[in-house]
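Note sheet for the following structure.
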Amino acid sequence: MPLDLTFRPRRLRATAAIRDLVAETTLCAQDFIYPLFVHDLPEPVPVESMPGVSRNSLSSLINECQAAAGVGIRAVAIFPCLDKSLKDPAGSAAFDAKGLLPRAIAAVKSALPGLLVVADVALDPFTSHGHDGILTPNGRDLANDPTVEALCRLAVLEARAGADIVAPSDMMDGRIGAIRRALDAAGFENIPILAYAAKFASAYYGPFRDAVGSQHAPISKATYQMNPANVREALREVALDEDEGADIVMVKPAGPYLDVIRAVKEHATVPVAAYQVSGEYAQIHAAARLGWLDYRRTRDESLLSIKRAGADIILTYFAREFAGELSKSIEKMSQPPS
Ligand code: PBG
């Protein structure tokens, strides 16, 4: 005897076609910003803790950007990996208009004028100590206001090199307003600011710090990045950044902070981005290598969950690969069902 049920939720799960039809969340190539590393050597060098990711040469960077644009990606974020000899405590190399970062931005913009280039605004790729700014005289903390001044110079330099969006990732107080005023004064009033508004002091940044060489000794950024315990404080950071002129706000990391993404989505009125960071990427690869997780399904579920939580934009090292597979599956689906 069949049960007498009015609702059988399984009706809408019976086939892939009907599951797709009623899906509440979908991912597409234009959701992503693709982070890429560049160094000043003639060949790309793989980042050990991030399978599939390399420190690119200028020419392999262009190839990566072309491949990403070819599968529908609209934006890349470029991170420079400087030779140690160029780094100093003040991060002076950040202000070299002929430095690696401005050259990389200009090269990508000239090869692919339609691809958006996002430039991080922080000093960690340039400082010998790996912190995001300038240290106080006792060396134990970051000096907020002198760091903000330096970040303003860097943001303007990036805009001059052709960056379409600047993304302060340093977490100093008041930097969004200051950078907005500096960009406006230099004639860049139409360059948007993507603020790393709620950036947590996370263990998940480890592989990134290997990649850009910002971690010679373990360092704590807990006096400027947020305590992982706090969500209401994230809303305060977001509100401050919005008031100061942020055009997009970001939560970082993404997967371990889905509740923060959701809360920010409900409170902010600007688009919300989330950064699936290096450690999130590395742990999926590591578990898959051990045979403990299915790589594709875990990857896809991680991205879908970030979007479902409320992210309008996702920064992820999976972007190009995932968008490539999407474009193939769309091709397949456009054939009549067999
Ligand atoms: C620093 C910066 C970091 C990341 C992006 N910008 C690391 C840090 O705060 O030390 C991490 C990204 C990742 O882990 O993928 N300005």
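This chain uses plain numbering: 1 for the first residue, then up along the sequence. For ligands, and for the atoms within them, numbers begin at 1 and follow the listed sequence.
With 3.5 Å as the limit, one finds a donor-acceptor pair spanning the side chains of Glu242 and Thr269. When only modelled atom types and interatomic distance are considered, Glu64 and Tyr34 share a side-chain donor-acceptor pair under 3.5 Å. For the residue pair Asp141 and Thr136, no side-chain donor N or O sits within less than 3.5 Å of a side-chain acceptor on the partner. In this model, no donor atom of one side chain and acceptor atom of the other lie less than 3.5 Å apart for Ser302 and Glu280.
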Which atom pairs, donor and acceptor, lie under 3.5 Å between side-chain atoms of residues 106-115 and protein residues at least two apart or in another chain?
{"unit_1": "Lys109", "atom_1": "NZ", "unit_2": "Pro113", "atom_2": "O", "d": "2.8"}
{"unit_1": "Lys109", "atom_1": "NZ", "unit_2": "Leu115", "atom_2": "O", "d": "2.9"}
{"unit_1": "Lys109", "atom_1": "NZ", "unit_2": "Asp164", "atom_2": "OD1", "d": "3.3"}
{"unit_1": "Lys109", "atom_1": "NZ", "unit_2": "Asp164", "atom_2": "OD2", "d": "2.8"}

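Of the candidates Phe208, Tyr224, Tyr281, the one placing a heavy atom closest to atom 13 (C) of ligand 1 is Phe208. One option in Ser169, Pro35, Gly133 has a heavy atom closer to atom 16 (N) of ligand 1 than any other, and that option is Ser169.
Geometrically, Lys199 does not engage Tyr275 in a cation-pi contact, judged by NZ or CZ lying under 6.0 Å from the ring centre and within 45° of the ring axis.
Nearest to atom 14 (O) of ligand 1 among the protein's heavy atoms is Ser278 OG, 2.7 Å. Closest to atom 10 (O) of ligand 1 among all protein heavy atoms lies Arg209 NE, 2.6 Å. Among protein heavy atoms, the minimum distance from atom 11 (C) of ligand 1 is reached at Lys252 NZ, 3.0 Å.
Ligand 1 lies less than 4.0 angstrom from a heavy atom belonging to Asp120. Taking a 4.0 Å cut-off on heavy atoms, Gln276 fails to register as neighbouring ligand 1. Residue contact annotation: Lys199 has a non-hydrogen atom under 4.0 Å from ligand 1.
Counting heavy atoms under 4.0 Å from ligand 1, residue Val277 touches it through both backbone and side chain. Under 4.0 angstrom from ligand 1, the non-hydrogen atoms of Ala122 all belong to its side chain.
With respect to Glu244 and Arg180, no salt bridge is recorded, no charged nitrogen being found less than 4.0 Å from a carboxylate O.
Remark: ligand 1 atoms within the under-4.0 Å shell around heavy atoms of Asp124 are 1 (C), 2 (C), 16 (N).
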